[in-house]
Amino acid sequence: MAKLPAFLTRIDVEQLILHLTPALLAASAATITAAYYQLHGPILHGIMLFSLLWWVLRLRSGRGIGADGATRVLAGIFLLYAIVAVISAGRVGFNPDAVDRLENFVYFLAAALMLPFLVQVRPHPAWFWVAVAMTSALSGIYALWEMPTFAHAYEQATGLVYRAGGSKGKPIPFGDIATLSSVLCLLGASTFQGRRHLWTILFLIAAGLGLYASLVSGTRAAWLVLPTGLLIIVLHLIHAYPKRRRAILLGLLCLALVGTGLIAQSDQIRERLSAAVSEIRDYRPGANVEAGNSLGERFEMWRAAWQAYEGHPLIGIGVGQLNAYFKQDANEGRISQAIVEFDHGNGHTHAHNDYIHALATRGLLGLGSLLLLYLVPLAFFVRNAILGAEMSERALGYAGVLVILSFMQYSLTDSILLMRFTAGYFVLLTCWLLAMNLNRRRPD
């Protein structure tokens, strides 16, 4: 036992965490839908702790973080997003609601530390592709267990259609993540086809499982990402095989026809789409929106949140204050009581739209920081997708484009970045992909 302290002093802690991190990244991403509390969350928090420890070790040794200009700018975007939220919370004196909601911005503050750290980690792209395949496959496997286990009893008790929600029991983010991971699997299959046949087959199987999870989640907004994903994959293939452009486009047309046929055969998809049409048709602004009309409730929340922005355009009404604003509007008859009756009378806490929510709670500064958070990494990924020397390098750029565009679409119908579930996943994937793309420009 006397030798233990001496042994520990010989461990190069920095090198140890650099070697462990790629496997932790993959494990955290892979388990987000199937073991959120048991594995994903603790591992992600461990990676955040590793990045902080790495910063301390580097700064104490006097070596600095070694980040180039692009890394600093991208890390600064995450930091700015968190700082604007803190300023907005300060506007209301950091009251309990504001402090509670600031917790959702911790991941973005952590991202500013994680990005330079992950650039130094130099994770191999194979870890990423395995992780997204596992995310998609485990989502489908969990849904295959969940549906026969709970659906019948739930539908008997409530008369409602059961929607798969993964280990966290949240159908919307579960469907969002399953859809994104399945599309990333299709991108992976298109990248490795012709070179690694076994990988291609495994990616296609994983994509099918993820699409099943997306279907049984009943998440309509997630399904809108599928056409976007297919378009990006087609651009990727045309970029790689310009002489096969017609065959690729013909394949896309056939896939679209098959997809349309499957939709026509799926009772659940037809019911969800039919419900959306009915909700839009039946919507009337004001107090007459009934509970359960999910689109009608969203329209009401968007309308109220926009009014909140108009009253405080620069910095908004403050982080965490929208729930109280909704209750005041409902009590005065300006919006439906369904908004405040939600969740056993606790009411909705966000606008179900990241852009409008940012305007309402953080004003133009908040919206500006959100757009920078999306558009600056998107521009970086587009550039790398176009200029990559090899197909495997360009695929990492296209994967980044898919992640950003998917979250931008999800943000239209939900406050996806205000949920720890999806905010952490966005930070994890975006920082990981940014680091791999940044490392393409660095010498070995």
Side-chain angles (χ1 to χ4, degrees), residues 32-37 40-41 101 104 107 135-136 138-140 142-143 146-147 150-151 154 158 160-184 210-229 266 268-269 271-276 279-280 291-302 305 322-323 338-339 342-344 346-358 402-403 405-429:
I32 183 170
T33 56
Y36 175 83
Y37 293 108
H40 165 76
R101 280 295 164 183
N104 298 318
Y107 285 114
T135 306
S136 186
L138 288 175
S139 298
Y142 196 99
E146 183 181 357
M147 292 303 291
F150 300 114
Y154 177 85
T158 66
L160 302 174
V161 175
Y162 184 81
R163 297 171 59 188
S167 62
K168 206 168 188 293
K170 301 287 186 181
I172 292 177
F174 175 70
D176 289 342
I177 292 172
T179 305
L180 173 57
S181 61
S182 66
V183 173
L184 286 169
L211 287 172
Y212 169 76
S214 172
L215 168 66
V216 296
S217 75
T219 308
R220 293 171 297 200
W223 301 338
L224 298 178
V225 166
L226 293 174
T228 302
S266 171
Q268 184 170 14
I269 292 180
E271 288 174 6
R272 292 290 290 162
L273 295 179
S274 176
E279 289 168 358
I280 294 172
N293 184 336
S294 62
L295 288 180
E297 290 183 25
R298 278 174 167 80
F299 296 154
E300 286 292 276
M301 288 184 281
W302 297 350
L322 201 54
N323 177 261
I339 307 305
F342 175 77
D343 190 21
H344 309 290
N346 293 314
H348 287 281
T349 58
H350 56 81
H352 286 266
N353 179 301
D354 275 316
Y355 309 103
I356 299 176
H357 185 93
L402 268 175
V403 169
L405 288 181
S406 296
F407 272 86
M408 289 181 73
Q409 286 185 252
Y410 295 153
S411 287
L412 291 170
T413 55
D414 211 345
S415 298
I416 204 78
L417 296 184
L418 289 179
M419 292 182 277
R420 285 188 296 255
F421 192 7
T422 41
Y425 193 61
F426 173 80
V427 164
L428 176 66
L429 289 190

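The first residue of the sequence shown is numbered 1, and numbering continues consecutively from there.
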Heavy-atom closest contact ([X] atom, [Y] atom, distance):
| X | Y | answer |
| --- | --- | --- |
| S136 | G210 | OG-CA, 3.2 Å |
| Y142 | S167 | OH-CA, 3.4 Å |
| F174 | S139 | CZ-O, 3.6 Å |
| A305 | I356 | CB-CG2, 3.5 Å |
| A178 | A213 | CB-CB, 3.8 Å |
| L180 | V403 | CD1-CA, 4.2 Å |

Okay, side chain of [X], backbone of [Y]: is any donor-acceptor separation there less than 3.5 Å?
| X | Y | answer |
| --- | --- | --- |
| W302 | T413 | no |
| N353 | L412 | yes |
| T422 | L417 | no |
| Q409 | A221 | no |
| Y107 | V427 | no |

Measuring from [X]:[atom1] to [Y]:[atom2], what's the distance to the nearest 0.5 Å?
| X | Y | atom1 | atom2 | value |
| --- | --- | --- | --- | --- |
| T135 | L184 | OG1 | CG | 9.0 Å |
| F421 | I416 | CZ | CD1 | 9.0 Å |
| S406 | L226 | OG | CG | 9.0 Å |
| H357 | M301 | NE2 | CE | 11.5 Å |
| Y410 | S415 | OH | OG | 15.5 Å |
| I172 | M419 | CD1 | CE | 7.0 Å |

Can you classify the ring geometry of [X] versus [Y] as parallel (below 30°), tilted (30 to 60°) or perpendicular (above 60°)?
| X | Y | answer |
| --- | --- | --- |
| H348 | H352 | perpendicular |
| Y154 | Y162 | perpendicular |
| Y425 | F407 | tilted |

Intermediate values then yes/no, side chain to side chain contact (heavy atoms under 4.5 Å, CB included), M408 and Y355: CA-CA 9 Å; M408 289 181 73; Y355 309 103; 3.5 Å; yes
Crowding at NZ, K170 (>12 non-hydrogen neighbours, <6.0 Å): no
Non-hydrogen side-chain atoms of I32 and K168 separated by less than 4.5 Å: no
Beyond-backbone contact of V216 with E146, side-chain heavy atoms, under 4.5 angstrom: no
R163 vs T219, side chain to side chain contact (heavy atoms under 4.5 Å, CB included): CA-CA, chis, key distance, verdict: CA-CA 9 Å; R163 297 171 59 188; T219 308; 3.9 Å; yes
